[in-house]
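Following: one structure in structure tokens, then a few remarks.
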Amino acid sequence: MVKQKGGTYIAEALVREKIPYVFGVCGHGTVGLIDCLYDVRDEVEMISPRHEQTAVHMADAYFRVSHKVAATLTSTGPGSCNQIMGLAVAQTDSSAILSITANVPTQQFNRAPFQELTMHHQADFNSVIRPVVKRSFQPSRAEMLPLMIRQACATMTTGRPGPVNLDIPYNLFQEEAELEPEVAGSAFGARRPGANPEDISQTVDWLIAAERPVLFVGHGMALSEGGPELTELAQRLSVPVISSPNGMGTIDMEDPLSLGFIGRNGAYQANQAGRHSDFVLAVGARFDDRSASSWRPGYSWNFPKTRLVHVDLDHAELTRNYTPDLAVLADARTFLRQVLAELDARGIQKTPRLQDWLEQIAGWRQEWEAFVAPGFTAHQTPIRPERIVADCQKVLPHDAILSFDAGIHHNWFMQFWKARGPQNMLNSWGYSGMGFGPSAILGAKLAAPDRVCVSICGDGGFTMVPHVLCTAVEYNIPVVWVVWNNFAWGAIRDLQYGYFEGREYGTAFYQGPNAEPYNPDFAAWARASGVAGFTVTRSEDFAATLEEAVKLGRPALIDVHVDANIRPPATGSWTLPPLQPKEPAFGAAWQPE
């Protein structure tokens, strides 16, 4: 073995793990490693956004789109703390990220040097980051790096993927030791556990016998790349598919069997099918409050009266919110392949079936589309929200990637967007972090440079991370931001209107004694950063402006003035205990007798 710096070993390990990007912000704690990354710059590119949160969101989106891992690099103390929200989003939405953080040198542990946390343990950043990663590793000698890097990479990419942390005292970057390279630990998609054959047989029995079955798919379906198998199963047995936002596109949402999202801001036909179904096969979905109408019986689902088979790679999700009739610990794609093989063995091919059920769903869809249709054709100022969704669907190519923040704009797209393929819709879903959408789109474009990448982001969320403009220009990342400008924290303002008799306070943006609506001139802000900037106040102009922005082939921003007083029509429920939940704006709860 040859002696080498710890930093050199880390840089070479990133190459072996096939990690193409390090998204990082420099600091005194990381300069020793950055110098070593210089030597592998042709294989591992370092991109430095202006904030650590954005670095994590970029790595998150890079993984969601490519299913390949990127790393982040942050310095001792505040720099590493700045990534916590981004890691929480990645963890709850199952994105693998290698988060490398620097810590104070081992020689100074527990002396409270610059930026050490010492209240309960020396160099105690692990306690800060632990809740938002699968595991935090902290080597204290260079000799510990090979094993810990391999274990960290294996941990983040196997089972349910998620971020891991390597918290490295910065003296290890420069100290030398005899280090033997370990084999690569990254193994995403290489280990796909299957179901017990008896469970497959039972599932198929119930699926064939059901009169009103539905499939419910989530992010696990996208992560397993099981879209082709899902589509084949749905079409062979004529079973309709309900999707969570992170599962959207795993079946083409133009397919008549795709019912869209379920829950408060779901499509009416999805909620109706969910609550009227007699059998639900849930694969890679977790029944969170927003996709289960806060677990209120009759609003989205009717468990346990409805039979449930729940398939997931994470055993913790299998009984978290509903106790299934059959819980199956398995990879989504592997499970579907087993089901299809069982159908083959039984000689069950594609034949017309479930006509009454499908006709009933078609009737619900027709009712819903008739109810919402006027909003999609009306021209007005400020612009109706539906027009933004409709024109994006009209202008953008089928393989375009959209990213979203938390906010009212996301509710509109969850309800009406039709994703044509997987990894086309990037959502901050589980932790719902603002700033995700405008930042994540940069990582998405690096993962898919030949695809159109557009961030639909709220004015509040964009204002949290406006520095993304700088990063796009610096690194020539040609994305488009559509800033949904309604001069408010619109989703929360709507809650005040709905629950507190319109006592609006602290949820809209005003200026001056007359309380005029205020926002910065986002288009001018963009131009000042070197980004093409447009302002759209008429719905007639949006489609052409979006088309122009996409064709530019450079970073562009469109400031779109949207009516804040038009709300997505709820078809399910969502509770904020102890407030009395509102009833759906369209449709009603239903339970079997």
Side-chain angles (χ1 to χ4, degrees), residues 92-94 160 212-222 239-248 250 258-328 332 361 364 368 406 410-411 414-415 425 427-432 491 495 568-592:
T92 54
D93 285 343
S94 307
R160 181 175 178 173
R212 299 182 305 281
V214 297
L215 287 158
F216 177 45
V217 298
H219 199 190
M221 186 62 69
V239 180
V241 180
I242 298 168
S243 305
S244 80
N246 285 334
M248 286 183 176
T250 51
S258 173
L259 306 187
F261 177 55
I262 195 167
R264 180 186 68 167
N265 290 117
Y268 174 62
Q269 66 270 9
N271 278 303
Q272 281 286 81
R275 54 197 171 215
H276 284 82
S277 61
D278 62 356
F279 174 67
V280 176
L281 174 54
V283 186
R286 61 187 183 88
F287 294 107
D288 66 292
D289 58 331
R290 289 187 292 169
S291 64
S293 288
S294 295
W295 314 289
R296 298 180 71 196
Y299 286 83
S300 289
W301 309 104
N302 273 310
F303 307 120
K305 293 180 179 179
T306 302
R307 178 174 281 158
L308 172 63
V309 173
H310 193 178
V311 183
D312 205 281
L313 197 59
D314 183 354
H315 65 84
E317 298 297 347
L318 291 176
T319 55
R320 185 188 299 279
N321 291 313
Y322 295 116
T323 300
D325 296 270
L326 181 62
V328 181
I361 291 172
W364 293 329
W368 174 238
H410 188 212
N411 294 345
M414 282 193 300
Q415 197 161 47
M425 189 175 183
N427 308 281
S428 173
W429 185 245
Y431 206 67
S432 200
L495 293 178
T571 60
S573 183
W574 191 50
T575 65
L576 301 173
L579 296 174
Q580 181 64 35
K582 299 294 181 179
E583 291 302 300
F586 187 83
W590 178 89
Q591 289 184 268

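All residue numbers refer to positions in the sequence shown, counting from 1. Computation of the quantities below employed the complete heavy-atom set of this structure, encompassing side-chain atoms and omitting hydrogens, waters and symmetry-equivalent molecules.
- Nearest heavy atoms, Ser277 versus Thr306: O-OG1, 3.1 Å.
- Atom NE2 in His219 sits 12.0 Å away from atom CG in Asp312 (nearest 0.5 Å).
- Taking every heavy atom of both residues into account, Val217 and Thr250 meet most closely at CG2-OG1, 3.7 Å.
- Asn271 places no side-chain N or O within donor-acceptor distance of the main-chain N or O of Ile262, the cut-off being under 3.5 Å.
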Between Val239 and Phe279, does a side chain to side chain contact (heavy atoms under 4.5 Å, CB included) hold up when you go through it step by step? CA-CA 10 Å; Val239 180; Phe279 174 67; over 6 Å; no
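- Closest approach of Pro213 to Pro240, counting heavy atoms only: O-CD, 3.4 Å.
- Looking at Thr571, its side chain does come within 3.5 Å of a backbone N or O of Gly266 through a donor-acceptor pair.
- Atoms CZ and NE2, on Phe216 and His310 in that order, are 8.0 Å from each other to the nearest 0.5 Å.
- When atom types are taken as modelled, the side chain of His276 and the backbone of Arg212 share no donor-acceptor pair closer than 3.5 angstrom.
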Determine all donor-acceptor pairs shorter than 3.5 Å in which one atom belongs to a side chain in residues 282-291; sequence neighbours excluded.
residue	atom	partner	partner atom	Å
Asp288	OD1	Ser291	OG	2.7
Asp288	OD1	Trp429	NE1	3.4
Asp288	OD2	Arg290	N	3.1
Asp288	OD2	Trp429	NE1	3.4
Asp289	OD2	Trp574	NE1	2.9
Arg290	NH2	Trp429	O	2.5
Ser291	OG	Asp288	N	3.4
Ser291	OG	Asp288	O	3.4

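- Atom CG of residue Asp93 and atom CG of residue Asn246 lie 5.0 Å apart, to the nearest 0.5 angstrom.
- For the atom pair CH2 of Trp295 and CG of Asn321, the computed distance is 5.0 Å after rounding to the nearest 0.5 Å.
- Checking Leu308, Val309, Ile242 one by one against Val280, the side-chain contact (heavy atoms from CB on, under 4.5 Å) holds for a single residue, Leu308.
- With hydrogens and angles ignored, the 3.5 Å screen pairs a side-chain donor or acceptor of Ser293 with a backbone N or O of Ser573.
- Residues passing the salt bridge (charged side-chain N to carboxylate O under 4.0 Å, His left out) test with Arg160 are Asp314, Glu317, sequence neighbours excluded.
- When the options Glu583, Arg275, Gln591 are evaluated for a side chain to side chain donor-acceptor pair (under 3.5 Å) with Tyr299, the one that passes is Glu583.
- For the pair Ala270 and Gly260, the tightest heavy-atom approach, listed with the atom from each and the gap, is CB-O, 4.1 Å.
- Within the model, atoms CD of Gln269 and OG of Ser258 stand 8.5 Å from one another, a figure rounded to the nearest 0.5 Å.
- Below 30°, between 30° and 60°, or above 60°: for Phe586 and Tyr268 the angle between ring planes is above 60°, a perpendicular geometry.
- For Ser244 (side chain) and Gly247 (main-chain N/O), a donor-acceptor pair under 3.5 Å exists by modelled atom type.
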Just do the side chain to side chain contact (heavy atoms under 4.5 Å, CB included) check on Phe303 and Thr323 with the steps written out, would you? CA-CA 8 Å; Phe303 307 120; Thr323 300; over 6 Å; no
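- His410 and Asn427 form a side-chain donor-acceptor contact under 3.5 Å, judged by distance and modelled atom types alone.
- In terms of heavy-atom proximity, Pro297 sits nearest to Asn302 at C-OD1, 3.9 Å.
- In plain terms, the two heavy atoms of Met414 and Met248 that are nearest each other are O-CE, 3.2 Å.
- In terms of modelled atom types and a separation under 3.5 Å, the side chain of Asn265 and the main chain of Gln415 share no donor-acceptor contact.
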